[in-house]
Asker: 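Sending over a structure as structure tokens; questions will come in a sec.
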Number of protein chains: 2
Amino acid sequence: MRLMASVTSVPTSQAESIGAEAWALFLTLFGHHRRRFLIAAGEFDLHPAQAGALLNLAEPLPMHALASLLACDSSNVTGIVDRLEARGLVARQLSPEDRRVKHVMLTPAGRRLRGRLLERIGSPPEGFERLSAEDLGQLRDILRRMLAEPAGS
Amino acid sequence: MRLMASVTSVPTSQAESIGAEAWALFLTLFGHHRRRFLIAAGEFDLHPAQAGALLNLAEPLPMHALASLLACDSSNVTGIVDRLEARGLVARQLSPEDRRVKHVMLTPAGRRLRGRLLERIGSPPEGFERLSAEDLGQLRDILRRMLAEPAGS
DNA sequence: TATTGTTATACTCTATAACTATA
DNA sequence: TATAGTTATAGAGTATAACAATA
């Protein structure tokens, strides 16, 4: 994707320059993943937002929680879930605790489709298998440190 | 995002298990990046596809090349470029070599907006600054190996 | 009063197919 | 004959605002 191609940055240290390259490589990887995701969703006749919803439904979720995960307005989730429901992939369930809330849950068919989607994009992409066992260990540890919650968050 | 949460895989080796965790961490990172991208695009009144087009226009590109990078049909690019052009962010330029081709290029205003977008999402996200210089070097080298073209591609 | 989910609206994205101009 | 870009069309995503039901 060459997202960084024309960024004229002036690194103040070598570490900063290396970090910039590492992040540029991440962006390249994001581009690959995005295309893989779009292609896989299309093969199952799912729009990207629908595929994203299925992936986030490992367990039942209130509508507003799904909206938050999809980074879109709640009003959109109504339509997305409507269409998934029309295809028999999800069902709405009234919450007994809070009668304002509806939980969205996968049907058996929805769970099967989600599994097939995960086979396609949940597994590591081409290139991953070239990494050594040592590489994988280092990578995992570095990503863990990067994603560790910074105490107050 | 917990994309891997309910994947019941049976790792045949420890390396495979570590690799699976590393990839799951990648997916978490993708989710963070996607949300950051959507929020940044919205702040500049750009739809995601428009923001993606701007980011890919570091240099002038034929319409069909842009379609390929955005992983969408050429007919969509016509509309996306129409709207960016109406806002004075890009311009179409006929190619002198092949008169079927139109190159899309940023205007000065488009270049400024692209720069501001890159300040927001082209720079490393929260968490990156917690990595040591050694981490960054290892990460860069591993990602390089992962993204290296496998001879015939 | 605040929150949850829905509806109405307007605009954009998306794929498909058909079309023109060019190669 | 194939390719580049456009147009027309239909269906879906998106944000905003207004609404009813519930907390």
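Just so we're on the same page: letters track the sequence lines, and every chain starts at 1.
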Asker: In whole Å, what is the span from the CE atom of B/Met63 to the C1' atom of C/dT22?
Answerer: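 The answer, rounded to whole Å, is 16 Å.
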Asker: Between the base of D/dT3 and the side chain of B/Arg100, is there any donor-acceptor pair under 3.5 Å?
Answerer: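 Indeed, a donor on one side and an acceptor on the other fall under 3.5 Å apart.
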Asker: Kindly indicate, with the supporting measurements, whether the criterion side chain to side chain contact (heavy atoms under 4.5 Å, CB included) is fulfilled by A/Leu46 and A/Leu113.
Answerer: CA-CA 10 Å; A/Leu46 293 170; A/Leu113 185 51; 4.1 Å; yes
Asker: Can you say whether the rings of A/Phe30 and B/His33 are parallel (under 30°), tilted (30 to 60°) or perpendicular (over 60°)?
Answerer: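 Rings of A/Phe30 and B/His33: parallel, as their planes differ by under 30°.
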Asker: How long is the line joining NZ of A/Lys102 and C1' of D/dA21, in whole Å?
Answerer: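 Going from A/Lys102 (NZ) to D/dA21 (C1'), I get 10 Å.
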Asker: For A/Ala49 and for A/Arg99, find the nucleotide of DNA chain D with the closest heavy atom, then tell me which residue's nucleotide is more 5'.
Answerer: A/Ala49
Asker: Given atom CZ of B/Arg35 and atom C1' of D/dT14, what is their separation to the nearest angstrom?
Answerer: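 These atoms are roughly 17 Å apart.
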Asker: Contact class for A/Asp73 (heavy atom, under 4.0 Å): base, sugar-phosphate, or nothing?
Answerer: base
Asker: Taking the side chain of B/Arg92 as its heavy atoms from C-beta onward, which of C/dC13, D/dG5, D/dT6 lies nearest to it?
Answerer: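 Minimum distance to the B/Arg92 side chain belongs to D/dT6.
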Asker: Starting at CD of A/Gln93 and ending at C1' of C/dT4, how long is that distance when rounded to a whole Å?
Answerer: 17 Å
Asker: Take the protein atom CG of A/Leu61 and the nucleotide atom P of C/dG5, then report the distance between them rounded to whole Å.
Answerer: 10 Å
Asker: If I take atom CD in residue B/Glu43 and atom P in nucleotide D/dT14, what distance separates them, rounded to the nearest angstrom?
Answerer: 18 Å
Asker: Between D/dA12 atom P and A/Leu38 atom CG, what is the distance in whole Å?
Answerer: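 In whole Å, D/dA12 P and A/Leu38 CG are 17 Å from each other.
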Asker: Kindly say whether A/Thr107 contributes a backbone atom to a donor-acceptor pair with the side chain of A/Arg112 at under 3.5 angstrom?
Answerer: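 No, A/Arg112 side chain to A/Thr107 backbone: no donor-acceptor pair under 3.5 Å.
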Asker: Answer yes or no: does a side-chain N or O of B/His64 lie under 4.0 Å from OP1 or OP2 of D/dA4?
Answerer: yes
Asker: If you check every side-chain atom of A/Ser75, which of D/dA2, D/dT7, C/dT7 has the closest atom?
Answerer: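 Closest nucleotide among those given: C/dT7.
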Asker: In terms of side-chain heavy atoms of A/Asp98, which of D/dG5, C/dT22, D/dA23 is nearest?
Answerer: D/dA23
Asker: Between C/dA15, C/dG5, D/dT6, which nucleotide has the shortest distance from any of its atoms to the side chain of B/Cys72?
Answerer: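 When the side chain of B/Cys72 is considered, C/dA15 is the closest of C/dA15, C/dG5, D/dT6.
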Asker: Nearest whole Å is fine: how far is C/dT12 P from B/Leu70 CG?
Answerer: 17 Å
Asker: Let's see if you can work this out: which of D/dT6, C/dT14, D/dA15 has an atom nearest to the side-chain heavy atoms of A/Asn76?
Answerer: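 So the side chain of A/Asn76 is nearest to D/dA15.
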Asker: Taking atom CZ of A/Arg87 as the centre, report whether more than 12 heavy atoms of other residues, nucleotides or ligands fall under 6.0 Å from it.
Answerer: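 Check passes, neighbour count above 12.
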Asker: Judged by each residue's nearest nucleotide on DNA chain C, which is more toward the 5′ side, A/Pro48 or A/Asp82?
Answerer: A/Asp82
Asker: What I'd like to find out is whether the side chain of A/Phe37 reaches to under 4.5 Å of the side chain of A/Pro48, using heavy atoms alone.
Answerer: yes
Asker: Counting only N and O atoms by type, is there a donor-acceptor contact under 3.5 Å from the side chain of B/Arg34 to the main-chain atoms of A/Leu70?
Answerer: yes
Asker: So which nucleotide from C/dT14, D/dG5, D/dG13 ends up closest to the side chain of A/Gln50?
Answerer: D/dG13
Asker: Kindly point out which of C/dC13, C/dT4, C/dA15 is positioned nearest to the side chain of B/Ile80?
Answerer: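 Nearest to the side-chain atoms of B/Ile80, counting from C-beta on, is C/dC13.
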Asker: Among D/dT6, D/dT14, C/dT12, which nucleotide sits nearest the side chain of B/Arg83?
Answerer: C/dT12
